[in-house]
Amino acid sequence: MTDSWVGFRPSPKRDESRPTASKNAELTSKLLIAKVLKLLTTQSGVESWLVPFTKFDARLGAKLKFSVGEENYGGTFSRIDIPKRVILLTELHGEIDFRLTEKKDGTDVSVSCTKTLNDSEKPDWEMLVAGVLDRFERALNDAQ
């Protein structure tokens, strides 16, 4: 068995019968787009705002592994469209979609987080994602 995806759909289709939670953020950074991409596609960059990884591979469809507490999780990059868009998908966080727009004095970053959840799971996920977005914004400001 291999660790690669087959076919044209690296991300599974959403289950339309379950509710989907979402959280969005619009951020502006003085960083050039290349430095923002390093925060999204390098292990040290992603670990600065998401979680420490036990396995990290920034290729489309490659497997990511990390632990939070006693739980082990997986993930993947489901889209890497440099320099415009990066989508990171993890079992814990759901889909984190980054859309980048280069400006002459920095980069605008639109972040959309979505995950299919039960109503009882939604409050914990919203707190988790709020922390991720706060850490990402701090990483954007600190990476100068």
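With hydrogens and angles ignored, the 3.5 Å screen pairs a side-chain donor or acceptor of Thr76 with a backbone N or O of Ala62. Between the side chain of Glu47 and the main chain of Phe53, a donor-acceptor pair closer than 3.5 Å is present. Within the 3.5 Å criterion, the main-chain N or O of Leu31 finds a donor-acceptor partner in the side chain of Thr107. No donor-acceptor pair under 3.5 Å is formed between the side chain of Lys35 and the backbone N or O of Leu140. Between the side chain of Lys38 and the backbone N or O of Ser44 there is no donor-acceptor pair closer than 3.5 Å.
For Glu126, the side-chain contact (heavy atoms from CB on, under 4.5 Å) test picks out Lys122, with sequence neighbours left out. For Asp108, the side-chain contact (heavy atoms from CB on, under 4.5 Å) partners two or more places apart in sequence, or in a different chain, are Thr28, Thr101, Lys103. Evaluation of the salt bridge (charged side-chain N to carboxylate O under 4.0 Å, His left out) rule for Asp134 yields no partner, not counting sequence neighbours. Residues forming a side-chain contact (heavy atoms from CB on, under 4.5 Å) with Ser112 (at least two apart in sequence, or on another chain): Asn24, Asp97, Thr114. Residues that satisfy the side-chain contact (heavy atoms from CB on, under 4.5 Å) test with Asp81, not counting sequence neighbours, are Arg79, Lys84, Arg85.
Counting heavy atoms from C-beta outward, Leu50 and Ile96 have side chains that approach closer than 4.5 Å. Contact annotation: the side chain of Leu64 never approaches that of Val46 to less than 4.5 Å [non-hydrogen atoms, C-beta and beyond]. By the 4.5 Å heavy-atom criterion applied to side chains, Phe66 and Leu92 are counted as neighbours. Side-chain atoms of Leu128 and Asp124, non-hydrogen and from C-beta on, never get closer than 4.5 Å to each other.
Residue pairs meeting the ring-ring contact (aromatic ring centres under 6.0 Å, His included) criterion with at least one member in residues 97-132, sequence neighbours excluded: Trp49-Phe98, Phe98-Phe136.
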> Can you list the steps and then say if Leu40 with Leu88 is a side chain to side chain contact (heavy atoms under 4.5 Å, CB included)?
Replying inline: CA-CA 9 Å; Leu40 300 176; Leu88 181 60; over 6 Å; no
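Between Val129 and His93, the shortest heavy-atom contact is CG2-O, 4.4 Å. Shortest non-hydrogen contact noted between Glu26 and Ser110 is OE2-OG, 3.0 Å. Leu133 and Ala25 get closest at one heavy-atom pair: CD1-CB, 4.2 Å. Taking each heavy atom of Phe77 and Thr41 in turn, the nearest pair found is CZ-CA, 4.3 Å. Gly45 approaches Ser48 most closely through the heavy-atom pair O-OG, 2.5 Å. Counting all heavy atoms, side chain and backbone alike, Ala143 lies closest to Leu39 at CB-CD1, 4.3 Å.
To the nearest 0.5 Å, atoms OG1 (Thr116) and CD (Glu95) are separated by 9.5 Å.
Counting non-hydrogen atoms of neighbouring residues, nucleotides and ligands closer than 6.0 angstrom, the CG atom of Asp119 reaches no more than 12 such neighbours.
Leu27 and Leu32 sit in two unconnected hydrophobic clusters of ILVMFWY residues. Membership requires side-chain heavy atoms under 4.5 Å apart, directly or through other members.
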